[in-house]
Amino acid sequence: MRRDVDRSLTGKIGRVTGRIGPGTIGEVMLPYRGGIMAFHAHPYDKTSDFPVGAEVLVIYFDPPQTVYVDELPDVLKHA
């Protein structure tokens with residue numbers, strides 16, 4: 001991973017629209033530049049699995065269109 005990283009998506013919460021898992025390229029919808037955009041997504045720990053509809057937290061953004069995500073902590077989940 002690069003040091004001169006774009007952190008504009010780090011910490012954003014997204015919704016999975018294409019299953020994210022090890023060895024697959026998933027998809028997540030994220031708020032970006034005043035709208036909502038689809039990004040390719042991989043599990044940050046390389047082992048987690050996130051089903052369609054799950055909320056995830058962006059840990060790392062690899063421009064132009066890839067994010068690495070992790071489970072959304074309980075404190076950030078909607079009631």
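In what follows, residues are counted from 1 in the order of the sequence shown.
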Mind running ring-ring contact (aromatic ring centres under 6.0 Å, His included) on Phe61 and Tyr68 for me, showing each step along the way?
-> CA-CA 6 Å; Phe61 174 44; Tyr68 292 82; over 10 Å; no
Show the numbers, then the answer: is there a side chain to side chain contact (heavy atoms under 4.5 Å, CB included) between Val56 and Ile13?
-> CA-CA 6 Å; Val56 292; Ile13 298 171; over 6 Å; no
Given Leu57 and Leu76, is the side chain to side chain contact (heavy atoms under 4.5 Å, CB included) satisfied, shown in steps?
-> CA-CA 9 Å; Leu57 181 67; Leu76 295 177; 4.3 Å; yes
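No side-chain heavy atom of Asp49 sits less than 4.5 Å from a side-chain heavy atom of Ile20. No side-chain heavy atom of Tyr60 sits under 4.5 Å from any side-chain heavy atom of Val67. The shortest side-chain heavy-atom distance between Val16 and Pro51 does not fall under the 4.5 Å cut-off.
The minimum heavy-atom distance linking Ser48 with Pro22 is given by the pair O-CD, 3.3 Å. Taking both residues in full, the closest heavy atoms of Glu27 and Ala38 are given as OE2-CB, 3.6 Å, listed atom of the first, atom of the second, then distance. Closest of all the heavy-atom pairs between Pro64 and Phe39 is O-CE2, 4.1 Å.
Connection of Met29 to Tyr44 is not established within any shared hydrophobic cluster, with ILVMFWY side chains joined at heavy-atom distances below 4.5 Å, either directly or through further cluster members. Side-chain heavy atoms closer than 4.5 Å link hydrophobic residues (I, L, V, M, F, W, Y) into clusters, and following such links, even through other members, never connects Leu72 to Val52. Val58 and Ile36 fall into different hydrophobic clusters, where Ile, Leu, Val, Met, Phe, Trp and Tyr are joined by side-chain heavy atoms under 4.5 Å apart, directly or via other members.
To the nearest 0.5 Å, atom NE2 of residue His42 and atom CG of residue Asp62 are 8.5 Å apart. Rounded to the nearest 0.5 Å, atoms CG (Asp45) and CG (Asp70) are 5.5 Å apart. Note that CZ of Arg33 is 9.0 Å distant from CG of Leu9, once rounded to the nearest 0.5 Å.
Within the 3.5 Å criterion, the main-chain N or O of Gly53 finds a donor-acceptor partner in the side chain of Arg15.
Within a 6.0 Å radius of CD in Glu71, other residues, nucleotides and ligands contribute 12 heavy atoms or fewer.
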